[in-house]
Protein chains: 2
Amino acid sequence: MNNNDNSLLAKLGSAIDSGTLNPVRHILNNLSPPDIAHQLETAPPHLRNILWEIVDPEISGEVLQELSDDIQLEFLNQMDGAEVASITEGLDVDDIVDILQQLPDRVIPEVLKAMSVQDRLRVESVLTYSEDTAGGLMDTEVITVRPDITVDVVLRYLRRFEELPDITDNLFVVSRNDTFLGTLPLSKMLTSSPNTSVREVMNTEVEAIHVNLTDSDVAQLFQRQDLVSAPVVDDQHHLVGRITIDDVVDVIVEDADHSLLAMAGLSDTEDTFSSISRTAPRRALWLGLNLLTAILASSAISLFEATLEKVVALAILMPIVASMGGVAGSQTLTVVIRGMALGQIERDNFKWLLSKEFTVGALNGMLWAIVMGAIVSVWFDDWTIALVIAAAMAINLVAAAVAGTLLPIMLRSLKIDPALAGSVILTTVTDIVGFVSFLGLATVFYS
Amino acid sequence: MNNNDNSLLAKLGSAIDSGTLNPVRHILNNLSPPDIAHQLETAPPHLRNILWEIVDPEISGEVLQELSDDIQLEFLNQMDGAEVASITEGLDVDDIVDILQQLPDRVIPEVLKAMSVQDRLRVESVLTYSEDTAGGLMDTEVITVRPDITVDVVLRYLRRFEELPDITDNLFVVSRNDTFLGTLPLSKMLTSSPNTSVREVMNTEVEAIHVNLTDSDVAQLFQRQDLVSAPVVDDQHHLVGRITIDDVVDVIVEDADHSLLAMAGLSDTEDTFSSISRTAPRRALWLGLNLLTAILASSAISLFEATLEKVVALAILMPIVASMGGVAGSQTLTVVIRGMALGQIERDNFKWLLSKEFTVGALNGMLWAIVMGAIVSVWFDDWTIALVIAAAMAINLVAAAVAGTLLPIMLRSLKIDPALAGSVILTTVTDIVGFVSFLGLATVFYS
């Protein structure tokens, strides 16, 4: 728990009580925009709105851009097009586009109309690309040089800039018609003699990123090659922008978050401090879906009503079989979903993976079948029920392993998000297999 | 599914059959080290060993450093100290240290003895810091300059380097006794007149990172401030190294992976393609723990044996109450664990969070209580059991919300990992509350 943060929220509370917001305004606006955004994100909704109102208008665009989508949208909904245009003035093009993509389609033209012509043209060129592609991630502010000039000329050219764009580690070398030729790393330029030509020192081994590459693939490329920035080109190999590591880190965090949140049936925009009216309906949807599957599993149980009436011990033990299958299945599912997110699962290793998970499931199935059989034979002093639970446990752990491996692959090929749909379907499978194998075997032995 | 990768694994298969590995050796060693590492990670273990043996020894250190911990250790275990020293020669100090920290303590001195004196001293200075601190993350290769020289002198000094260390966006300005004074961004240097002094253009607003800051805090700092590299200082504010974004991205990915894997009871070193002999025992442990908690929940059911004997419908319906509680609880748990990982949860907003989750739980509890009550009254044509399940559902969803919020906070204050222990304890709570409230209420109404 961070004491600084504590004191700001606490001070805000007492400032509201005493009716003067000035001390809070002072503390808040002395923080950096990302830290202000953090304060807003962790404040309960009613305090968040007060904090937002006292953010210095000059930096509110930067703060807005750092906020999570859900909260961004909350504030955007209170503004008209001109206000959005004015607040985003001066931001990087990719950041403006990120914000615009939150807005309803009918509002975007209003905002564009209120922008300066230059900004509008730049924003429009990026807006044509989908949010989750290299084009949607890129910034259009790029410094380019020609290959036939010397390093000294480049150095003199750079001195004419007030400052270089943030996170500039490379200049880009292009031909007369903007075809991408290579990168000129600043560090390389600094260690070369001023008389060498750009052509001699430029790096031509850089792979330019195509504007339609997905953002997740861009992230993997940056990670594998330890990139800080990379050029983006169109179909004609013309340079159209560049992607920087700060935006890639956001993609990495979002992708990782997505798996975690989706597996619990939460949307990516679920914020810890979202308001109740936003959170409750979203969660309700997921609970409703789960209720359907739980009723399905219970209908499976109801097939064996007669057996349950005869042997009440079955009712006591059946949740154990289902629970063990659920746990084993979710372990396999998590490993497979993570492997898919890392781009590790391919046709040639999938068979091995399936046989591995099957074997692990079978080994653990046998182990816990024996343990559970022994426990039950002592607990209920009944060898039949011990044998039945042992067999059902082994069956369910193997079924869980197979379902946990096949399900995400099948869902992906159906273009359904495996992280979101996987866990709910898997639990249904392991519940039903668990109940049916246990109660079914019991029905055979007790009839 | 990547066709390139397919073909390599497929070619390896046929190469092994035909007994000649040369074509595969050629393809493999033409890839970049990170791509070779990716091939090794996604190959089944028996093929992985063959691939590792044909990696060009000159790049095997770089490949090793890119591998996941589990596989790294597998290969390291096959080497002696001298081999480890030779394979890691030429790597960055922080990467050598990462590898050494995998080794058993008794092997490390052997490796250090086999290194060159210069390497050994640099590695030893970093080895003293724990792996999960800024010190363990940093590299010691840093270019420093004094504040009183001119930019022109710096430019001439840099030209004496063959090349600058990877990801150099700043030089560091230090006093005569190595006290950190500020950073000199390359981009700033390039836009300044050569005659200005370093003191005039250096950035003194940079916050140096203390060598003992945790790696997760370092990652948050990099994310919030969009850093590419940052200076690391000791207690005396002496510059001891620098941290670069590529290593921070690894920390971000590990932290995100940790929550995902731990919530399914998987260790951070669980690889999709780990061998069966490594995977099975780890999973067994978790299943065993879950078996204990499932038996606990079943003992709760057994308290109501008499009631179950009277009304078999209870056995059919009770898993629904437990399941809904489990799902609602894991949603809350996931949101709270993610909020904690992002440093969002503090004393001052925790009370609001608890009341929010309580309200959401209560609202959804009422909603699904009514729906489930209606369904059951039709399904079993029994108003008593409909009332009982409605009440139990509401109770369990509220209990799930409260447990899902309080548990991770309590676990953290006990220094227990909430992502790992949270889900298993939570399910136990929601199972027991679900069964006891449902069967307990039924016992009252049916006695």
Side-chain angles (χ1 to χ4, degrees), chain A residues 1 5-6 9-10 34 42 44 158-159 161 163-164 167-169 186-187 190-191 224 226 228 245-246 249 256 259-260 264 266 272 276 279-280 283-284 287 290 294 298 301-302 305 308-309 312 315-316 320 323 327 330-331 334-335 339 344 346-349 352 356 359-360 363-364 367-368, chain B residues 1 5-6 9-10 34 42 44 158-159 161 163-164 167-169 186-187 190-191 223-224 226 228 245-246 256 259-260 264 266 272 276 279-280 283-284 287 290 294 298 301-302 305 308-309 312 315-316 320 323 327 330-331 334-335 339 344 346-349 352 356 359-360 363-364 367-368:
Chain A
M1 308 222 173
D5 300 354
N6 275 341
L9 269 186
T42 57
L158 291 180
R159 270 187 218 123
F161 285 79
E163 56 183 2
L164 303 186
I167 312 195
T168 296
D169 63 330
L186 298 192
S187 61
L190 289 168
T191 54
R224 281 205 214 159
D226 290 348
V228 171
I245 183 75
D246 54 330
V249 167
S259 298
L260 180 70
L266 298 163
T272 314
I276 293 169
T279 301
R283 302 248 187 113
L287 285 167
N290 184 69
S298 286
I301 301 176
S302 71
E305 211 172 321
L308 279 168
E309 261 175 0
V312 77
I316 296 169
I320 298 178
S323 152
V327 169
S330 83
Q331 291 199 316
T334 304
V335 164
Q344 290 182 331
E346 295 143 18
R347 196 159 313 179
D348 281 303
N349 57 24
W352 182 84
K356 171 198 159 173
T359 313
V360 170
L363 287 172
N364 273 316
L367 172 66
W368 297 112
Chain B
M1 307 220 172
D5 300 353
N6 275 340
L9 268 187
T42 58
L158 290 181
R159 275 190 212 118
F161 285 80
E163 56 185 2
L164 303 186
I167 311 193
T168 296
D169 63 330
L186 298 193
S187 60
L190 289 168
T191 53
Q223 273 185 76
R224 281 204 215 161
D226 290 347
V228 170
I245 182 75
D246 55 329
S259 299
L260 179 70
L266 297 164
T272 314
I276 293 169
T279 302
R283 304 249 186 111
L287 286 166
N290 183 69
S298 287
I301 301 176
S302 72
E305 211 172 324
L308 278 169
E309 262 174 2
V312 76
I316 295 168
I320 298 178
S323 153
V327 169
S330 83
Q331 291 198 317
T334 303
V335 165
Q344 291 182 330
E346 294 143 19
R347 197 159 313 177
D348 281 302
N349 57 22
W352 182 85
K356 169 198 162 174
T359 313
V360 171
L363 287 171
N364 272 316
L367 173 65
W368 297 111

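Naming: A, B, ... by sequence-line order, numbering from 1 per chain. In what follows, every heavy atom counts, from backbone to side chain, and hydrogens, waters and symmetry copies are set aside.
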Practice task
Tell me, out of B/Leu367, B/Leu308, B/Thr168, who's got the most heavy-atom pairs with chain A below 4.5 Å.
Solution key: B/Leu308

Exercise for the section: Specify which of A/Ser187, A/Gly339, A/Ala256 makes the most heavy-atom pairs with chain B at under 4.5 Å. Expected result: A/Ser187

Practice task
Go through A/Ser302, A/Pro44, A/Ser330, A/Pro34 and name the one with the most non-hydrogen pairs under 4.5 angstrom from chain B.
Solution key: A/Pro44

Problem - Residues that B/Thr272 engages under side-chain hydrogen bond (donor to acceptor under 3.5 Å, both in side chains), provided they are two or more places apart - result: A/Gln344

Practice task
With sequence neighbours excluded, tell me which residues meet side chain to side chain contact (heavy atoms under 4.5 Å, CB included) with B/Glu305.
Solution key: A/Val312, A/Ile316

Problem - chain B contact via A/Leu287 - side chain, backbone, both or neither, heavy atoms under 4.5 Å - result: both

Problem - B/Leu266 side chain near A/Thr334 side chain, heavy-atom distance below 4.5 Å - result: yes

Practice task
Kindly indicate whether the side chain of B/Leu190, heavy atoms from C-beta on, has any atom under 4.5 Å from the side chain of A/Leu190.
Solution key: yes

Problem - Gap separating the CH2 atom of A/Trp352 from the CD1 atom of B/Ile276, nearest 0.5 angstrom - result: 6.0 Å

Problem - Per-residue contact mode, B/Gln223 against chain A (heavy atom under 4.5 angstrom) - result: side chain

Problem - CG on A/Asn290 to OG on B/Ser323, rounded to 0.5 Å - result: 4.0 Å

Completion exercise
Interface check, chain B: of A/Ser259, A/Ala315, A/Ala284, A/Ala280, most non-hydrogen pairs under 4.5 Å belong to A/Ala284

Handout entry: Interatomic spacing from OG1 in B/Thr191 to CG in A/Leu158 - rounded to 0.5 Å
Key = 8.0 Å

Practice task
Name the region of A/Leu363, side chain, backbone, both or neither, that has any atom closer than 4.5 Å to a heavy atom of chain B.
Solution key: side chain

Handout entry: Interface residue of largest heavy-atom contact number with chain B, from A/Ile167, A/Ile245, A/Ile320, A/Val228, under 4.5 Å
Key = A/Ile320

Problem - Interface moiety of B/Asn364 toward chain A, non-hydrogen atoms closer than 4.5 Å - result: side chain

